[in-house]
Amino acid sequence: MLEKKMEGINTDEVIEEFEALTKDAGMVQRETLERILEENGSAEYLQNLGLNGRTDPESFKSCVPLVTHKDLEAYIYRIADGDPSPILTGKPIPNMSLSSGTTQGRRKLVPFNDELMENTLQIYRTSFAFRNREFPLEKGKSLQFVYSSTPGKTKGGLGAGTATTNLFRNSKYKNGMKAIQFQCCSPDEVIFGPDFHQSLYCHLLCGLLFREEIQFVFSTFAHSIVLAFRTFEQVWQELCDDIRDGELSSRVTAPSVRMAMSKLLKPSPELADLIYKKCSGLSNWYGLIPELFPNAKYIYGIMTGSMEPYLKKLRHYAGELPLMSADYGTSEGWIAANVNPKLPPELATFAVLPNIGYFEFIPLNNDAERLYMDPKPVGLTEVKIGEDYEIIVTTFAGLYRYRLGDVVRVAGFHNSTPELKFVCRRNLILSINIDKNTEKDLQLSVEEAGKLLAEEKLEIIDFSSLVDLSTDPGHYVIFLEITGEPSEEVLKECCDCLDRSFIDAGYVSSRKVKTIGPLELRVVWRGTFQKILEHYLGLGTVVSQFKTPRCVGPMNSKVQQILCNNVAKTYFSTAF
Ligand code: AMP
């Protein structure tokens, strides 16, 4: 029997706390809004809106407009540039987070403060408690594919890094992570290493050195886990050599990383032989993760939304090991925790923590509102099961009625707080005229084409899309990177299948009357999506934060260029 109390955290207590908090989520929301507005009442932004000290939801909604990041940019830049006056928050903002920029092509700066840090720990603690009740961990370490960017400074001297970098560098975070057994088997020098390829190699090496102790495998987004084990397939023999000789490969050049790794490495021919034997015995790498890490209990990371396309490959590496989807949050702030860890990622839901922010929801099930007009948000406890909403957040870090741009579906309630299913990003829409296809629609269409390829034992490595309006009529372009060499025939079938699988009535009718042209499939060379990743790393995004842009708008010209310059084959649909 495992102790419930581990290093300072009592999982039963955390669960009880969460149950109490969600009993009357409506009341907790009112109190939370009151706290946010009291703490930040002196901020210029709120002062200008004429709240005059009122903290009730009705006054808040009537005085404070719904905003997007663009509306707040001028305020955020003043803070970043060093204006010390209370602009968005009462207390000064110590750090800025940089969003990944993978959806818009441009990284957004958003405020980060101690309260967001506390929210992060609360979310992690909560989902850990539920997870550990179902899948208890023993003492040990975890293999984490995490990477930290070198934090920069804004013009005004504030720390500026990715949200995860802001976490990794915070001492409270380290202690909090210890309490939930989130100790990474790799030394800090690897996490903070200057080159992600070298860090990835060393994470793998550390995982192997501590293989018996590894309790779970983690990355913020599932993409990084798949990338790590795809890399493993390429470098496993080199890793075995390093272990055998106790010498780090010359591919790792960063002195800090080499130094840290030299403290862990010593010649271990037996371990090298064992790993060699295990890898050689696998069939097409199926079940690689449990084979390498015999005591791992699960694989953990965000696996929902734009990560779903990687699940198939992840399951292949995971064999029988459960996949557990991590919580729902953004650089702007956290939203909800996965308190039903037994659900497979496709069904994962996230229960909103009613004390970490004030949440509103724009109903999307009626057409006028779908078109962005006159949104009428409802409160956290007013949402209805089965309906879709765009989520609006008010945070402790100075964002008020801020449109995150995410679409969620209410799957149910945990006590009185909703359990959300992540649907897609609202702005990721393929649209030419009356057609509307979301990221999810694109994913489903690509999944259908993937089935045709699977019959030939081929896989889709990654995909993206754009709307090409340079032709008349305009048409959808889907980019696929595929393993192996599919035949012409299969690729033609895939192209037709992609076109047919967009079942949105606006698309189908437009295709029939030819106001949308035949869908174009562009197969790109192997390594193209790696180039896109490298491009984002060049902009300062870290791998842990990276999400492949699924629809590349004109704002994202560099990614468009990478995709278009790497096309190996092109096909046009004959489906209509
Ligand atoms: P970033 O702003 O770069 O931190 O990315 C945040 C975005 O990642 C969110 O707005 C979501 O679109 C996506 N995201 C975060 N958590 C999840 C999750 N659990 N499931 C699906 N998508 C998520």
Side-chain angles (χ1 to χ4, degrees), residues 21-37 55-69 71-72 103 110 119 123 304-305 327-340 347-397 399-429 436 438-440:
L21 202 58
T22 53
K23 282 261 148 53
D24 190 349
M27 186 191 72
V28 177
Q29 278 284 273
R30 283 184 90 90
E31 289 170 358
T32 305
L33 180 65
E34 198 177 302
R35 264 178 55 216
I36 293 177
L37 295 179
T55 58
D56 60 290
E58 295 69 30
S59 309
F60 177 64
K61 287 183 198 175
S62 67
C63 295
V64 179
L66 296 176
V67 291
T68 61
H69 188 267
D71 300 309
L72 297 183
T103 51
V110 291
N119 293 164
I123 285 263
T304 33
D327 310 316
Y328 174 32
T330 72
S331 303
E332 287 88 342
W334 282 97
I335 298 160
N338 181 358
V339 298
N340 299 307
L347 302 177
T349 59
F350 307 99
V352 179
L353 268 69
N355 69 334
I356 59 174
Y358 184 73
F359 301 99
E360 295 170 78
F361 297 82
I362 302 176
L364 295 177
N365 290 351
N366 100 32
D367 267 348
E369 280 167 351
R370 246 182 192 285
L371 293 173
Y372 234 72
M373 288 148 63
D374 190 25
K376 296 219 170 20
V378 298
L380 180 72
T381 52
E382 291 158 2
V383 293
K384 294 198 178 78
I385 294 178
E387 307 261 303
D388 286 359
Y389 298 89
E390 181 192 332
I391 189 160
I392 298 166
V393 297
T394 295
T395 71
F396 281 94
L399 304 179
Y400 307 95
R401 309 195 83 204
Y402 176 98
R403 296 176 82 148
L404 269 181
D406 282 350
V407 177
V408 293
R409 182 165 304 152
V410 178
F413 282 88
H414 186 106
N415 295 325
S416 61
T417 202
E419 291 188 329
L420 308 176
K421 216 173 146 12
F422 182 88
V423 178
C424 60
R425 291 203 57 99
R426 183 170 182 157
N427 56 4
L428 270 182
I429 273 183
K436 281 202 171 34
T438 62
E439 177 174 4
K440 185 79 192 169

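It should be emphasised that the depicted structure is a prediction, and the values quoted were computed from it without experimental measurement. All values below were derived from every heavy atom in this structure, side-chain atoms included, with hydrogens, water molecules and symmetry-related copies excluded.
Atoms NZ and CZ, from K440 and R425 in turn, are 15.5 Å apart once rounded to the nearest 0.5 Å. E31 CD to I36 CD1: the interatomic distance, rounded to the nearest 0.5 Å, is 12.0 Å. Separating the OG1 atom in T304 from the CG atom in L347 is a distance of 11.5 Å, to the nearest 0.5 Å. Expressed to the nearest 0.5 Å, how far CD1 of I335 lies from CZ of F359 amounts to 6.0 Å. R409 contributes atom CZ, which lies 11.5 Å from atom CG of L420 (distance to the nearest 0.5 angstrom). Considering OG1 of T32 and CE of M27, their distance stands at 9.5 Å, rounded to 0.5 Å.
When each of V378, I362, D406 is paired with Y389, the side-chain contact (heavy atoms from CB on, under 4.5 Å) condition holds for V378 and for no other.
Looking at T394 and Y400, their side chains come closer than 4.5 Å, going by heavy atoms from C-beta outward. Between L380 and P418 there is a side-chain heavy-atom pair separated by less than 4.5 Å. Counting only heavy atoms from C-beta outward, the side chains of I385 and F413 approach each other to under 4.5 Å. Residues V67 and R403 form no side-chain contact, since every pair of their non-hydrogen atoms from C-beta on lies 4.5 Å or further apart. Considering only heavy atoms from C-beta on, Y402 stays 4.5 Å or farther from T68 through its side chain. For the pair Y358 and V393, the minimum side-chain heavy-atom distance is 4.5 Å or more. At a threshold of 4.5 Å between non-hydrogen side-chain atoms, the residues V408 and F361 count as touching. Side chains of Y328 and I391 form a contact here, defined as non-hydrogen atoms less than 4.5 Å apart.
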message: Please evaluate residues L33 and L37 with respect to the criterion side chain to side chain contact (heavy atoms under 4.5 Å, CB included), reporting the C-alpha separation (whole Å), side-chain torsions for both, the decisive distance (0.1 Å), and the verdict.
response: CA-CA 6 Å; L33 180 65; L37 295 179; 3.8 Å; yes
message: Using side chain to side chain contact (heavy atoms under 4.5 Å, CB included), reason through I392 and L404 one step at a time and then give a plain yes or no.
response: CA-CA 6 Å; I392 298 166; L404 269 181; over 6 Å; no
- prompt: Checking ring-ring contact (aromatic ring centres under 6.0 Å, His included) for the pair F350/F422: CA distance, chi angles, key distance, verdict?
  reply: CA-CA 8 Å; F350 307 99; F422 182 88; 8.0 Å; no
message: side chain to side chain contact (heavy atoms under 4.5 Å, CB included), that's the test. Do L364 and V407 meet it? Break it down for me.
response: CA-CA 9 Å; L364 295 177; V407 177; 3.6 Å; yes
message: Working note: W334 + L353, criterion side chain to side chain contact (heavy atoms under 4.5 Å, CB included); need CA distance, chi angles, decisive distance, verdict.
response: CA-CA 9 Å; W334 282 97; L353 268 69; over 6 Å; no
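The closest donor-acceptor contact from the side chain of T417 to the backbone of H414 lies at 3.5 Å or more, if one exists at all. Not one N or O on the side chain of E419 forms a donor-acceptor pair closer than 3.5 Å with the backbone of T349. At distances below 3.5 Å, at least one donor-acceptor pair connects side-chain atoms of T330 with backbone N or O atoms of G333.
In terms of heavy-atom proximity, I123 sits nearest to A337 at CD1-N, 4.0 Å. Heavy-atom minimum distance, N355 versus L21: OD1-CD2, 3.5 Å. Across all non-hydrogen atoms, the minimal contact from S416 to K23 is OG-O, 3.0 Å. Between D56 and R30, the closest heavy-atom pair is CB-NH2, 4.3 Å. The shortest heavy-atom contact between E439 and C424 is CB-CB, 4.1 Å. Between P377 and P363, the shortest heavy-atom distance links the atoms CA-CD, 4.4 Å.
Under the 4.0 Å criterion applied to side-chain N and carboxylate O atoms, E360 and R401 are assigned as salt-bridge partners.
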